[in-house]
Number of protein chains: 2
Amino acid sequence: MPGIRNDTARRRTRDADATRHALLTAAQRLFGQKGYERTTTREIGEAAGVDPALIARYFGSKADLYLAAVAADRLGDDEGPADPDRVDAPFTDLAEVAQVVLRRTAAHGPGPILQALVRDDASPEIRAAATARLVRRMVEPLAAEYAATGSDRPELRAQVAVAAVLGTSLGRSLGWFDELHAADPDELAALLVQALGRPG
Amino acid sequence: MPGIRNDTARRRTRDADATRHALLTAAQRLFGQKGYERTTTREIGEAAGVDPALIARYFGSKADLYLAAVAADRLGDDEGPADPDRVDAPFTDLAEVAQVVLRRTAAHGPGPILQALVRDDASPEIRAAATARLVRRMVEPLAAEYAATGSDRPELRAQVAVAAVLGTSLGRSLGWFDELHAADPDELAALLVQALGRPG
DNA sequence: CTAGCATGTCATCGCCTGATGACTTCCGAC
DNA sequence: GTCGGAAGTCATCAGGCGATGACATGCTAG
């Protein structure tokens, strides 16, 4: 297929890349808000301003779109231009982890990664991909930090800390309790750091 | 309705109470394992050894059965004969909350209440029922405890503590991280209490 | 024994879902 | 201009879902 795309990336009224991106964005938002089962392809199409049949064309199936949404979910990354080198960079300490997770979830609701973790209907590959990112970006650096301060069982403490942060973030965005729901993300982060941050 | 039931509670081959109980038990297990959406009435009927149509007869609808399952879910109560007076009794301190939640979840997986909390596909009434029980049994006593120790924002701290316990419990039973998954529930409870229990 | 109602069975309905493929529209090359 | 194929639209399908109501069965009262 010689030269399908021109050298100049001109804006087209019918733009496959834009459509693809719109679908992926809408899918991330809806899957992250309502979960996989409750989100229908028709909803995604409507939210993206696009015919649902395009999901099949561009992603294959609803499940494949979900996978793509998880893969594209930069949990906790600040918004802004996607810098491939920065994405997936490990966090440095619990304060950063807590602040960034809580802010992000507060702003956009639980994303596909959190949904994939929490839902047991997610396929094993999806779960594995989600946990792998969490481990590398959050658990491992935290474990190193705990180990440096001389805590016993640093790995377990790091895993508990991340689980606690995720639980708090989930509870906040899902509105489990009134004050938790209304709380400022940074205040929650500070509270958690205060509790979990010091060596035992 | 005079004397529908005999004075002697004789075992009958066709026993409405037994059928009702079988459905409720199967529903608790399946809803707790797979969540609401992924569990079908036909599955529940098969698991209970009962015709699915009886769900409509005895509970009204699938959603009502779910509500009944949540209501009957004694989150954290030790097994044993159901004592109506003890069910729903508030916990006394964080240690009890953490221990009991973690033990229960470790033994039986996340129950209907935890599922209802975590899943955003649950209807508002279901969520409200689940959170109401958590608040009364766990959050309020903890808030009182925090207040007694002079912590600032005792309610918020209590809510964060419960959310952290639930997140840890969920992460453990869903196998987010290796050591967390393998950890002894009591050890996790102790770890959380140590972190969250002391006044800030 | 028998009448009546509680209990359980079964076939089926209407709805919604994800998926499919034929059809139309429009861009870009030549 | 016109032609080919990419991009988007539409109607429709098959399957599974929860729900329903007519029907069959068996217990118990009298």
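Since the structure is predicted, the reported quantities are computational estimates derived from the model, not experimental observations. Quick note on labels: first sequence line is chain A, next is B, and so on, each numbered from 1.
- For the pair A:E46 CD and D:dT9 P, the computed distance is 13 Å after rounding to whole Å.
- The CZ-C1' distance, from A:R20 to D:dA7, rounds to 14 Å in whole Å.
- In this entry the distance linking CZ of B:R38 with C1' of D:dG16 reads 13 Å, nearest Å.
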Enumerate donor-acceptor pairs with a distance under 3.5 Å from any side-chain N or O in residues 169-176 of chain B to protein atoms, sequence neighbours excluded.
{"residue": "B:S169", "atom": "OG", "partner": "B:T105", "partner atom": "OG1", "Å": "3.0"}
{"residue": "B:R172", "atom": "NE", "partner": "B:A183", "partner atom": "O", "Å": "2.9"}
{"residue": "B:R172", "atom": "NH2", "partner": "B:A183", "partner atom": "O", "Å": "3.2"}
{"residue": "B:S173", "atom": "OG", "partner": "B:L170", "partner atom": "O", "Å": "3.4"}
{"residue": "B:W176", "atom": "NE1", "partner": "A:L117", "partner atom": "O", "Å": "3.2"}

Treating primed atoms plus P, OP1 and OP2 as sugar-phosphate and everything else as base, which nucleotides of nucleotides 13-20 of chain C get B, S or - for protein heavy atoms under 4.0 Å? ----BBB-
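- One interatomic measurement links the two molecules: CG of B:D15 to C1' of D:dT28, which rounds to 14 Å at whole-angstrom precision.
- No salt bridge links A:D15 with A:R20; every basic N to acidic carboxylate O contact stays at or beyond 4.0 Å.
- Residues meeting the salt bridge (charged side-chain N to carboxylate O under 4.0 Å, His left out) test with B:E46, sequence neighbours left out: none.
- For the pair B:I44 CD1 and D:dA19 C1', the interatomic distance rounds to 14 Å; values are reported in whole Å.
- Considering only residues two or more places apart in sequence or on other chains, B:D64 meets the side-chain hydrogen bond (donor to acceptor under 3.5 Å, both in side chains) condition with B:S61.
- The side-chain hydrogen bond (donor to acceptor under 3.5 Å, both in side chains) search around A:D184 returns none, not counting sequence neighbours.
- Rounding to whole angstrom units, OH of residue A:Y58 and C1' of D:dT9 are separated by 12 Å.
- When the side-chain hydrogen bond (donor to acceptor under 3.5 Å, both in side chains) test is applied to B:E187, the partners found at least two apart in sequence or on another chain are A:R153.
- Atoms CG (B:L23) and P (D:dG18) sit 13 Å apart, rounded to a whole Å.
- Counting to the nearest Å, the C1' atom of D:dT20 and the CZ atom of B:R57 are 11 Å from each other.
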